[in-house]
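Throughout, a chain's letter reflects where its sequence line sits, starting with A, and its residues are numbered from 1. Atoms considered below: every heavy atom in the structure, side chains included; atoms not considered: hydrogens, waters and symmetry mates. Remember, it's a predicted structure, so these values are computed and weren't measured experimentally.
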Amino acid sequence: MSEEIEFDDLPEQIAIRMAKREKLNELSSAYPVALPITHTIEATRAHYPNLEADVSTGDKVALAGRVMFLRNTGKLCFATLQSGTGERIQAMVSLDKVGEELLESWKELVDLGDHVFVEGEVITSKRGELSILADRWLMAAKTIRPLPNLHNELGEEFRVRHRYIDLIVRDRAREVVKIRSEVMQSLRNTFANRAFMEVETPMLQVMHGGASARPFKTHSNAFDTELFLRIAPELFLKRAVVGGLERVFEINRNFRNEGADRTHSPEFAMLEAYEAYGDYNTMASLTQELIQNAAKDVFGTHVVTLDDGSENDLGGEWPKVSMFESLSKAAGVEITHETPISELKKIADKVGIEIDHPLHGKYVEELWEHFVKPGFTGPTFVTDFPVDTSPLTRDHRSIPGVVEKWDLYIRGFEQATGYSELVDPVIQRQRFVAQMELAAAGDPEAMKLDEEFLKALEFGMPPSGGMGMGIDRLLMTLTGLGIRETILFPLVK
RNA sequence: GGGCCUCUAGCUCAGUUGGUUAGAGCAACGGACUUUUAAUCCGUGGGUCGUGGGUUCGAGCCCCACGGGGCCUACCA
């Protein structure tokens with residue numbers, strides 16, 4: 001059967017292009033399966049770095065690219081072809097080289113956005129533009145929809161919803177994807193140099209855990225059971241350490257059924273790493289090295305230039321400040337793990353923070369965020385957190401009432417977190433029980449008691465350090481972009 | 001979740017206190033042009049003004065509801 005297309009219902013430009021597609025299929029093909037390409041645009045450009053204007057090389061190439069600009073005159077046509085990396089080269093189609101038929105079909109059938117193939121001599125035009133003077137041309141892939149106007153900025157919504165177009169028309173969009181890929185490579189190299197193994201743990205889980213967050217729920221038909229998308233890989237990576245995988249890391253997606261804004265996405269890429277016989281100090285130096293190596297590997301310097309032109313200095317040894325000490329200093333009163341909640345509440349009231357929570361540590365963290373966090377600029381480790389808000393972390397070895405945990409802050413948001421992991425199964429069970437009480441009191445983010453995880457700990461987990469880092473946020477730190485610009489295809493409704 | 005703003009041609013945007021036939025640039029179509037660089041010149045077409053309802057003699061503009069999006073605010077990384 002022939003194709004029946006209702007041109008009348010289509011926007012004018014699409015209907016016209018559909019007709020051109022049919023014409024191309026009659027002549028040969030609008031979508032040929034293969035083309036005799038001999039060179040890439042990049043290779044061709046690289047091979048002739050600085051030719052004079054108006055020269056003929058005598059060299060023939062055959063290449064293809066997407067038409068970004070068309071400049072047709074009566075008997076000589078120019079097109080700017082672009083490769084996937086954004087590299088461009090000019091194609092020239094002239095009457096005396098291709099003949100009347102091919103020239104006319106070029107003018108009739110080639111639109112902006114089409115992929116075209118040209119074969120011909122490498123020359124430079126009278127204005128010095130490196131060009132392929134075509135002996136022949138072929139359609140490589142016809143576009144049905146017109147490309148957006150290249151001379152105006154696309155709106156943020158359009159860019160996110162049509163990232164493939166964003167990648168075609170905007171250099172920065174391609175750059176960010178490249179930077180992200182190189183950052184991932186750098187992270188993996190740093191781990192490899194430290195003898196870490198990369199593993200993958202379940203994203204569908206019968207019981208979610210490893211963080212305080214609300215999960216996405218789903219259902220398995222095969223098992224006829226409720227499943228959760230993971231909020232963190234932690235409890236499985238610790239099982240791996242119990243099993244003797246003493247240096248492991250995982251880079252994969254976490255899902256949290258919570259807010260979305262400039263620094264939060266419902267699905268986000270997470271890096272977690274565990275090191276047997278490490279602790280929160282070794283994890284801090286690992287984290288600093290991961291980030292500094294990434295900056296150095298990708299940009300060649302620890303001082304990265306952000307999207308707004310400002311600089312972000314990630315070099316040097318990053319300072320550590322104690323949460324309780326820095327809070328006490330900033331608040332002007334001594335605050336410890338023994339300061340009664342009623343006292344903390346008074347301070348909170350005085351500065352206008354509303355908190356109503358059963359946990360002492362929640363007050364401390366909220367007050368800290370109010371008094372201390374805004375003053376942060378350069379990378380800083382905030383150390384030694386309250387016990388009751390960190391149920392998977394070991395008590396501090398010498399300071400009572402706090403755990404061996406740090407959060408790394410860069411440019412005012414939490415970039416990474418690290419721990420001396422709790423490995424005592426009895427204390428871990430007590431912590432879970434305390435979480436269950438919170439859940440019973442209505443806290444939707446409280447952790448569940450994970451019997452299978454406790455069983456693993458009961459087989460003996462070596463003393464270990466652990467760290468977690470948001471990959472999207474690392475990209476934000478390195479580029480200054482919002483989270484939706486660092487994710488290739490962010491969730492859109 | 002709460003508050004404020006926004007949606008007009010393929011894209012980016014104008015559109016007056018409610019008043020004839022809703023405009024521009026790019027893109028498209030027809031014509032001219034053998035060295036263009038967002039080519040240029042002449043001409044032409046293209047709109048359910050987010051959707052549905054309401055007020056009015058008359059709605060792109062005012063009112064209500066719904067949908068998409070943004071910003072601020074609260075919570076989590």
Nucleotide nearest A/R256 (side chain, heavy atoms from C-beta), chosen from B/rC76, B/rA28, B/rU34: B/rC76

Interatomic distance where CD1 belongs to A/I483 and P belongs to B/rC76 [whole Å]: 16 Å

Under-4.0 Å salt bridge between A/K75 and A/E100: no

Plane angle bin for A/W318 and A/F381 - parallel if under 30°, tilted between 30 and 60°, otherwise perpendicular: tilted

Closest nucleotide among B/rA38, B/rC75, B/rU35 to the A/E366 side chain: B/rC75

Charged N-O contact under 4.0 Å between A/R45 and A/E129: yes

Out of B/rA38, B/rG10, B/rC29, whichever nucleotide has its closest atom nearest the side chain of A/H151: B/rA38

Candidate nucleotides B/rC76, B/rC11, B/rU37, ranked by approach to the side chain of A/S125 - the nearest: B/rU37

Over 12 non-hydrogen atoms of neighbours within 6.0 angstrom of CZ in A/R145: no

Secondary-structure notation, RNA chain B, from Watson-Crick and G-U pairs under 3.5 angstrom (| other strand): (((((((..((((.....[...)))).(((((.......))))).....(((((..]....))))))))))))....

Criterion side-chain contact (heavy atoms from CB on, under 4.5 Å) against A/T201, the qualifying member of A/N252, A/L237, A/L235: A/L237

Proximity to the side chain of A/F158 - top-ranked nucleotide from B/rC29, B/rC76, B/rU12: B/rU12

Distance, rounded to the nearest Å, where A/Q13 contributes CD and B/rG30 contributes P: 12 Å

Aromatic plane relationship, A/F69 with A/H151 - under 30° parallel, 30 to 60° tilted, over 60° perpendicular: parallel

Candidate nucleotides B/rU34, B/rU35, B/rG46, ranked by approach to the side chain of A/K75 - the nearest: B/rU34

Short side-chain N/O contact to B/rG70 OP1/OP2 from A/R484, under 4.0 Å: yes

d(NE2, A/H162; P, B/rU12) in whole Å: 10 Å

Aromatic stack A/H264/B/rC76: centroid gap under 5.5 Å, interplanar angle under 30°: yes

Other residues, nucleotides, ligands: >12 heavy atoms within 6.0 Å of A/H47 NE2: no

Rounded interatomic separation in angstrom, taking CG from A/L112 and P from B/rA39: 8 Å

Side-chain N or O of A/R161 closer than 4.0 Å to phosphate OP1/OP2 of B/rG68: no

Options B/rU37, B/rC29, B/rG69, nucleotide nearest the side-chain atoms of A/R71: B/rU37

